[in-house]
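Values below: every heavy atom of this structure, side chains too, minus hydrogens, waters and symmetry copies.
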Amino acid sequence: MASLLKDVYSPQFFSAFARVLQKVVPAVDPEEFSSRIFTPDWEAKELKARMRHTALVLHHFLPPAFAEAVPVLLHTIEQLKADQFPVRHVEFMFFPDYVELFGLEDLPTSIHALEHMTQFISAEFAVRPFLLKYPEPMMAQMMAWSTHPQHTVRRLASEGCRPRLPWAMALPFLKKNPAPILPILENLKNDPSEFVRRSVANNLNDISKDNPELVLQLLARWKGQSPHTDWVVKHGCRTLLKQGHTQVLQYFGYEKEAPLALQNFQVHTPEVALGNELQFSFVLKNLAPLPQKIRLEYGVYYRKANASLARKVFKISEREYAPVEEVTISRRQSFRFITTRKYYPGAHRLSLIVNGQERETLDFTVTQ
């Protein structure tokens, strides 16, 4: 949540960072560094704007030539490691942002910089302008990175070329034709690092939104190769499963018209005040004389600003139900204030989804 994460850029953080930078660039004055950071519009800046502003301030204290600045940046990273400077999450992403900002015309130096920086802080955002400007050489570089000994670099090979990476610029040429990504994912689908495998699954999920047929082809080739690859395939098909894609459901053993009964579906909070929770329950009974696999989800139709409804699907469970097994299921859905969704008072809807098929719906109201 950016409105919270942006506060990692505190006066204490910049004061400590400037002292480390001073060890590498003795001319750095920590007080001047902080004064350049905390401009009158600082408080209004969100996370990415603060990263970009920090990169610009950093540029003031570095050699103006990009090829000369990069060794200083890499030395500073090594100094941060030597000093055991605490790294929480995203605060040092201004390093790869610096490369994106000042290195776009110097591809070899930028590749060198990003390869080293991503071993300290993720560079998947910074690599994308280079993919747009130099698609063929950069995809070749991503392929080379997919065999790198460091798992963080291998992850960059997959994460950086995701067609729909959240909070990042899109890659239209890969949304249209993701074929150049596939050899990279082939290399990484059974990677020893879960960090890398999760990125492969997320990349597959991105591809499935524009090119589901390609994901189905990979599904047929990869499924059953190893437990790791099976997990990647399943997680990479999560959007297709939520959409009730017939072939994907069948592949994972789910019948669209599963013989079961949904009984006593109730919304226990027909009016939900903003900040509170929706509560509901129902009974599921397997009507089949044999065990059957059930993927159980619910959909919340959120009211939009124009009063239309847009469904978001949430998973409940995936498991095998015994013959005539009957289970009571209760769930809660929060309407607490978050930065990633705006709630609008008024009519909403709740649905139960079984093996991709919406079976039951009930209405409820969100109040101010």
Side-chain angles (χ1 to χ4, degrees), residues 1-22 24-25 28-77 80 85-107 109-134 138 156 159-162 164-171 339-340:
M1 298 186 295
S3 62
L4 299 177
L5 284 176
K6 71 178 186 178
D7 293 332
V8 301
Y9 291 126
S10 64
Q12 295 77 15
F13 168 80
F14 282 116
S15 177
F17 172 72
R19 289 195 296 273
V20 174
L21 182 62
Q22 189 180 43
V24 181
V25 185
V28 168
D29 178 357
E31 290 189 8
E32 181 190 358
F33 190 93
S34 291
S35 69
R36 288 180 175 272
I37 288 288
F38 295 107
T39 54
D41 63 342
W42 173 258
E43 283 301 319
K45 294 181 185 294
E46 294 299 331
L47 178 65
K48 293 191 78 172
R50 290 185 176 191
M51 289 177 185
R52 177 56 54 93
H53 178 67
T54 302
L56 290 167
V57 170
L58 193 56
H59 183 62
H60 176 80
F61 294 93
L62 297 179
F66 178 72
E68 296 176 13
V70 164
V72 178
L73 292 172
L74 298 182
H75 187 183
T76 303
I77 289 173
L80 288 164
F85 197 104
V87 180
R88 289 179 292 276
H89 188 51
V90 299
E91 57 266 62
F92 286 110
M93 289 185 75
F94 58 77
F95 281 120
D97 195 57
Y98 188 99
V99 177
E100 175 185 341
L101 188 58
F102 297 106
L104 201 55
E105 303 305 320
D106 186 348
L107 181 60
T109 304
S110 294
I111 286 173
H112 171 75
L114 292 171
E115 181 175 321
H116 285 77
M117 288 177 180
T118 202
Q119 298 177 57
F120 176 68
I121 195 74
S122 182
E124 72 255 30
F125 298 114
V127 79
R128 296 173 80 82
F130 293 91
L131 282 162
L132 290 174
K133 188 174 178 65
Y134 311 101
M138 275 307 300
L156 178 61
E159 196 73 7
C161 66
R162 283 180 58 182
R164 290 172 170 266
L165 181 67
W167 304 295
M169 61 178 66
L171 300 175
T339 59
T340 52

Problem - E91 to P86 - nearest heavy-atom pair and separation - result: OE2-O, 4.0 Å
Exercise for the section: Look only at the side chain of T118 and the backbone of L114, and say whether a donor-acceptor pair between them is shorter than 3.5 Å. Expected result: no
Exercise for the section: Identify the heavy atoms of L131 and C161 that sit nearest to each other, and give their distance. Expected result: CD1-CA, 4.1 Å
Fill in the blank from the handout: Taken to the nearest 0.5 Å, the spacing of F92 CZ from T76 OG1 works out to 10.0 Å
Practice task
Apply salt bridge (Lys or Arg N to Asp or Glu O under 4.0 Å) to E115 and list each qualifying residue two or more places apart in sequence or on a separate chain.
Solution key: none
Handout entry: Side-chain touch L74/M117, heavy atoms, less than 4.5 angstrom
Key = yes
Handout entry: Residue pair E159, V127: steps toward the side chain to side chain contact (heavy atoms under 4.5 Å, CB included) verdict
Key = CA-CA 10 Å; E159 196 73 7; V127 79; over 6 Å; no
Exercise for the section: List the atom of F125, the atom of P166, and the distance in Å for their closest heavy-atom pair. Expected result: CE2-O, 3.5 Å
Practice task
Give the minimum heavy-atom separation between F130 and V99, together with the two atoms involved.
Solution key: CZ-O, 3.7 Å
Problem - Interatomic distance, L58 atom CG to L73 atom CG [nearest 0.5 angstrom] - result: 5.5 Å
Problem - Intermediate values then yes/no, side chain to side chain contact (heavy atoms under 4.5 Å, CB included), V24 and V20 - result: CA-CA 7 Å; V24 181; V20 174; 5.5 Å; no
Practice task
For residues V70 and F66, determine if any side-chain heavy atom of one lies less than 4.5 Å from a side-chain heavy atom of the other.
Solution key: yes
Practice task
Using a 4.5 Å cut-off on heavy atoms from C-beta on, say whether the side chain of I37 contacts that of F17.
Solution key: no
Practice task
Can you measure from CE (M169) to CD (E100) and round to the nearest 0.5 angstrom?
Solution key: 5.0 Å
Handout entry: Pairwise distance CZ(F13) to CG(D7) - rounded to 0.5 angstrom
Key = 13.0 Å
Practice task
For the pair W42 and Y9, name the ring-plane relationship: parallel under 30°, tilted 30 to 60°, perpendicular over 60°.
Solution key: perpendicular
Practice task
Starting at CG of L62, measure out to CG of L21 and round the result to the nearest 0.5 Å.
Solution key: 6.5 Å
Handout entry: Any donor-acceptor N/O pair, R128 side chain to G160 backbone, under 3.5 Å
Key = yes
Fill in the blank from the handout: In this structure, CG of D29 is separated from CD of Q22 (nearest 0.5 Å) by 7.5 Å
Problem - Non-hydrogen side-chain atoms of L56 and R36 separated by less than 4.5 Å - result: no
Practice task
Kindly assign one of parallel, tilted or perpendicular to the pair H59 and Y98, based on the angle between their ring planes and the thresholds 30° and 60°.
Solution key: tilted
Problem - Side-chain donor/acceptor of T109 to backbone N/O of A67, under 3.5 Å - result: no
Practice task
Take L80 and V87 through the side chain to side chain contact (heavy atoms under 4.5 Å, CB included) test and state the conclusion after the steps.
Solution key: CA-CA 9 Å; L80 288 164; V87 180; over 6 Å; no
Practice task
Evaluate the ring planes of H112 and H116, with Trp represented by its six-membered ring, and classify them as parallel (under 30°), tilted (30 to 60°) or perpendicular (over 60°).
Solution key: tilted
Handout entry: R50 and T54 side chains, donor-acceptor separation under 3.5 Å
Key = no
Problem - Side-chain (H53) to main-chain (F38) donor-acceptor, under 3.5 angstrom - result: no
Exercise for the section: Identify the two heavy atoms, one from A55 and one from F102, that lie closest to each other, and give their separation to 0.1 Å. Expected result: O-CE1, 4.2 Å
Handout entry: Aromatic ring pairing F33/F61, orientation class (parallel under 30°, perpendicular over 60°, tilted between)
Key = tilted
Practice task
Considering non-hydrogen atoms only, spot the tightest contact between P96 and A123 and give its length.
Solution key: CB-CB, 3.9 Å
Handout entry: Under the salt bridge (Lys or Arg N to Asp or Glu O under 4.0 Å) test, residues paired with E105 that sit two or more places apart
Key = K133
Handout entry: Worked check of side chain to side chain contact (heavy atoms under 4.5 Å, CB included) between K48 and D97
Key = CA-CA 9 Å; K48 293 191 78 172; D97 195 57; over 6 Å; no
